[in-house]
Peer 1: 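Following this message is one structure expressed as structure tokens.
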Amino acid sequence: MATLNAIAARQDSTLFGILWPQPHQGKVVRQPAANIDICALVDSEGSPSEVADNVLGLVEEGFRAVKVKVARRADPGEDAAVIKEIRRKVGAEVELRVDANRKWTYEEAIKFGSLVKDCGLQYIEEPVQCEDDIVRFCQETGLPIALDETIDKIQGNVPDSLARFTHPGIVALVLKPSVLGGFENAAEIAWWANNKGKLAVVSSTFETSLGLSSYVQFACYLETRSAELSRALDRKPEKCVAHGLGTYKWLAEDITLDTLVICRQPKGRYLGASVDNADRVLHNFQMNCNAISQRSIKENVSIYQLVVEVADISYAIKVQEMGESKDNNALLFLHGFLGTSEDWIPIMKGLSGSAKCFSVDLPGHGKSKMQSGDSYRTTGGQSLSIEVVAAVLSQLINKICTRKVTIIGYSMGARIALYMALRFSGKIDGAVVISGSPGLKDETERRIRAAKDDSRARSLISFGLVPFLDNWYHSDLWMSFREHPKFKKIAASRLEHDDIHGLAKSLSDLSVGRQPPLWEDLKYCKIPLMFVVGEKDAKFKNISQDICREMGQATNHETVEVPNSGHAVHLENPLAIIRLVRQFLTKQSF
């Protein structure tokens, strides 16, 4: 939205103007006045008479269409009684929509449909829980249906994804640009809908005037394009759609001083919004400081060292901490080989508003040190096996947190995270495993890999970090990461390790070839797991598929593929990781 509006401002145009440009002597010119009608949104709480009076008030205010939320009551018959009373009071002219948000079983939806078949509904939005029952419902009841949640996760080819929803009983698609991934995706779905003779209804998700102003212009663009299509196909033009932007009435305050004007339009009988007014809001935006409930100040990061002891060896571990302890969420982030706690700071900032976040320099990395005897020194004969590192982290968790933690690990850190989730489940709430593996199943493969990592470790000691890094990142595994704009900066940060011998020992001792394979353990895992891989990481996508087969029908795990990312998902696409961790925490809370 911001990018498109910046382009419009630079061209002295509107968002609508650049979406639907009219060439004039090589320039984009402003469009004539245009407006859209708006559909009101009503909760069905209250008696049938009370809800009907509420709807009648909105109709008298100027709304030509009203959507009523249903499936909030124990019996669909009660919802039907509300709809019947609304229709009786407002008459037949008002467009009446209902939205069940997929809350009904097929049988409940059928019951509701049979009771409201004479109410003249424009459509029922998402009446059934199961997508496979949508067309079946249309065939059984003959009632018009609209899709909403069903299209939220459409990816790839739109016509292929929507091919099974061409049934004429599906009359509308409800488009939430913020959910669908932006205006471009929403416009592509709208184009499919228009070609199939279905309505494309733009809907808000409780945006303020800022978002709604862009939605008004986007909706007007869809209306204009639909009319153009009808002319091109010599088809009778559809009546203009009343778009689902009525959520503005649910907000007590607005983020801008100059709010979007929703009123009866000069050339129409109904309540709506104009492109010109929406453009004015966007161009003259001023923050309403009285509506701000919290200001974000630069997040303070606490940096300290904690000493833990395992098998008579002391480990001084660098810890970075930020965020508030909310909803009992505590997150522990583990980096990969050559990384440090610093790798996670951008992601921790994105999550620190809802969780206490900790990242550490794993033993052998960054500023962490080991102590044998009276002083800290470079690593000697001490083991840095996955068992030892997990024991160190277990002691660390006791010091930084009084409850279980959710552990998020990448690559080497992901293997440690998974090991702890399976072997230290008393301390772990769940694990997000990014580009990680349960290990190598074949013993011969393990011996070969251990020998290979030993050779790499000797090379690191003999020639130093600079040539080692050049060789390390030359691998095909990092092809996508090498194209990232911050690759050179991140690669340069890999030179900042205090103990090169510790780093080499970590590479050798924490080799996947020396890690006990965890495939059998996966079958008995009781805590939630999320496995994350990059779309361009072919090797770990195959491992992810093997994990799915190994865990079978277990409901406590999921695998997610992050688009436009390779192996270093958390560095290439940190926003995706923030979103996935939030989703993971939300599911854990239920």
Peer 1: Should K89 and D53 count as side-chain neighbours, where that means a heavy-atom distance under 4.5 Å?
Peer 2: yes
Peer 1: I want to check something: taking the side chain as every heavy atom from C-beta on, are H167 and I145 in contact at a cut-off of under 4.5 Å?
Peer 2: no
Peer 1: In terms of ring plane angle, is the pair W20 and Y221 parallel, tilted or perpendicular, where the classes change at 30° and 60°?
Peer 2: tilted
Peer 1: Quick one: ring-ring contact (aromatic ring centres under 6.0 Å, His included) partners of F285, sequence neighbours excluded?
Peer 2: none
Peer 1: Are L251 and T247 side-chain neighbours, meaning at least one heavy-atom pair lies under 4.5 Å?
Peer 2: no
Peer 1: Start with the C-alpha distance between E126 and N101, add both sets of side-chain angles, then the distance that settles side chain to side chain contact (heavy atoms under 4.5 Å, CB included), and finish with yes or no.
Peer 2: CA-CA 5 Å; E126 296 287 355; N101 290 114; 5.9 Å; no
Peer 1: Please step through side chain to side chain contact (heavy atoms under 4.5 Å, CB included) for the pair V66 and V42, ending with a clear verdict.
Peer 2: CA-CA 7 Å; V66 179; V42 176; 3.6 Å; yes
Peer 1: Please lay out, stage by stage, how L271 and I38 fare under the test side chain to side chain contact (heavy atoms under 4.5 Å, CB included).
Peer 2: CA-CA 6 Å; L271 242 158; I38 289 177; 5.7 Å; no
Peer 1: Looking at residues at least two apart in the chain, or sitting in another chain, which of them share a side-chain hydrogen bond (donor to acceptor under 3.5 Å, both in side chains) with E561?
Peer 2: none
Peer 1: Strictly below 4.0 Å, N to O, side chains only: are E108 and K111 in salt-bridge contact?
Peer 2: no
Peer 1: Indicate the atoms forming the closest heavy-atom contact of D79 with A71, along with that distance.
Peer 2: OD2-N, 3.2 Å
Peer 1: Which of parallel (below 30°), tilted (30 to 60°) and perpendicular (above 60°) describes Y215 and F183?
Peer 2: perpendicular
Peer 1: Does anything in residues 181-192 pair up under side chain to side chain donor-acceptor pair (under 3.5 Å), and if so which pairs, sequence neighbours excluded?
Peer 2: none
Peer 1: Determine whether H570 and I347 make a side-chain contact, defined as any pair of heavy atoms from C-beta on separated by less than 4.5 Å.
Peer 2: yes
Peer 1: Applying salt bridge (Lys or Arg N to Asp or Glu O under 4.0 Å) as the test, list every pair that has at least one member in residues 189-199; sequence neighbours left out.
Peer 2: none
Peer 1: Could you note down all residue pairs passing salt bridge (Lys or Arg N to Asp or Glu O under 4.0 Å) where residues 205-230 supplies at least one of them, sequence neighbours left out?
Peer 2: E228-R231
Peer 1: Return yes if some donor-acceptor pair links the side-chain N/O of S44 with the main-chain N/O of K69 below 3.5 Å, else return no.
Peer 2: yes
Peer 1: Under the ring pair (Phe, Tyr, Trp, His ring centres under 6.0 Å) definition, can you give me all pairs with a residue in residues 79-134, not counting sequence neighbours?
Peer 2: W104-F112
Peer 1: Between the main-chain N or O of L41 and the side-chain N or O of W250, is there a donor-acceptor pair closer than 3.5 Å?
Peer 2: yes
Peer 1: Is a donor on one side and an acceptor on the other found under 3.5 Å between the side chain of D279 and the backbone of T14?
Peer 2: no
Peer 1: Please list all pairs meeting salt bridge (Lys or Arg N to Asp or Glu O under 4.0 Å) that have one or both residues in residues 162-176, counting only residues at least two apart or in different chains.
Peer 2: E131-R164, D132-R164, D148-K176
Peer 1: Closer than 3.5 angstrom, by distance alone: can the side chain of H243 be matched with the main-chain N or O of L245 as a donor-acceptor pair?
Peer 2: no
Peer 1: Looking only at heavy atoms, which two atoms of T205 and S178 are closest? And how far apart?
Peer 2: OG1-OG, 3.1 Å
Peer 1: Quick one: list whatever passes side-chain hydrogen bond (donor to acceptor under 3.5 Å, both in side chains) with R87, sequence neighbours left out.
Peer 2: none
Peer 1: Counting C-beta onward and ignoring hydrogens, is there a side-chain heavy-atom pair between S214 and L282 closer than 4.5 Å?
Peer 2: yes
Peer 1: Counting only heavy atoms not in E93 (residues, nucleotides, ligands), do more than 12 fall under 6.0 Å from its CD?
Peer 2: no
Peer 1: Does T406 offer a backbone N or O that forms a donor-acceptor pair with the side chain of D429 under 3.5 Å?
Peer 2: no
Peer 1: Between the main-chain N or O of S209 and the side-chain N or O of D254, is there a donor-acceptor pair closer than 3.5 Å?
Peer 2: yes
Peer 1: Do R10 and I7 come within less than 4.5 Å of each other through their side chains, counting heavy atoms only?
Peer 2: no
Peer 1: Could you grab the distance from atom OG of S226 to atom CG of N194, nearest 0.5 Å is fine?
Peer 2: 4.0 Å
Peer 1: Pairing donors with acceptors under 3.5 angstrom, does anything connect the side chains of S213 and R280?
Peer 2: no
Peer 1: Indicate yes or no for a side-chain donor-acceptor contact from Q217 to the backbone of L15 under 3.5 Å, with no hydrogens or angles considered.
Peer 2: yes
Peer 1: Taking only residues two or more places apart in sequence or in another chain, which ones pass ring-ring contact (aromatic ring centres under 6.0 Å, His included) with Y248?
Peer 2: none
Peer 1: Taking salt bridge (Lys or Arg N to Asp or Glu O under 4.0 Å) as the cut-off, I'd like each qualifying pair that reaches into residues 34-49, sequence neighbours left out, listed once.
Peer 2: D37-R64
Peer 1: Nearest 0.5 Å, what's the CG-CG distance between L162 and L173?
Peer 2: 6.0 Å
Peer 1: Between the side chain of E572 and the main-chain N/O of G566, is any donor-acceptor distance below 3.5 Å?
Peer 2: yes
Peer 1: Does E558 have any side-chain hydrogen bond (donor to acceptor under 3.5 Å, both in side chains) partners at least two apart in sequence or in another chain, and if so, which?
Peer 2: K587
Peer 1: Quick check for you: to the nearest 0.5 Å, what is the distance between T559 atom OG1 and L529 atom CG?
Peer 2: 11.5 Å
Peer 1: Do E535 side-chain atoms and P563 backbone N/O form a donor-acceptor pair below 3.5 Å?
Peer 2: no
Peer 1: Kindly write out the residues that satisfy side-chain hydrogen bond (donor to acceptor under 3.5 Å, both in side chains) with R73, not counting sequence neighbours, or none if the list is empty.
Peer 2: none
Peer 1: Give a yes or no answer on whether the side chain of R582 reaches the backbone of L580 with a donor-acceptor pair at less than 3.5 Å.
Peer 2: no
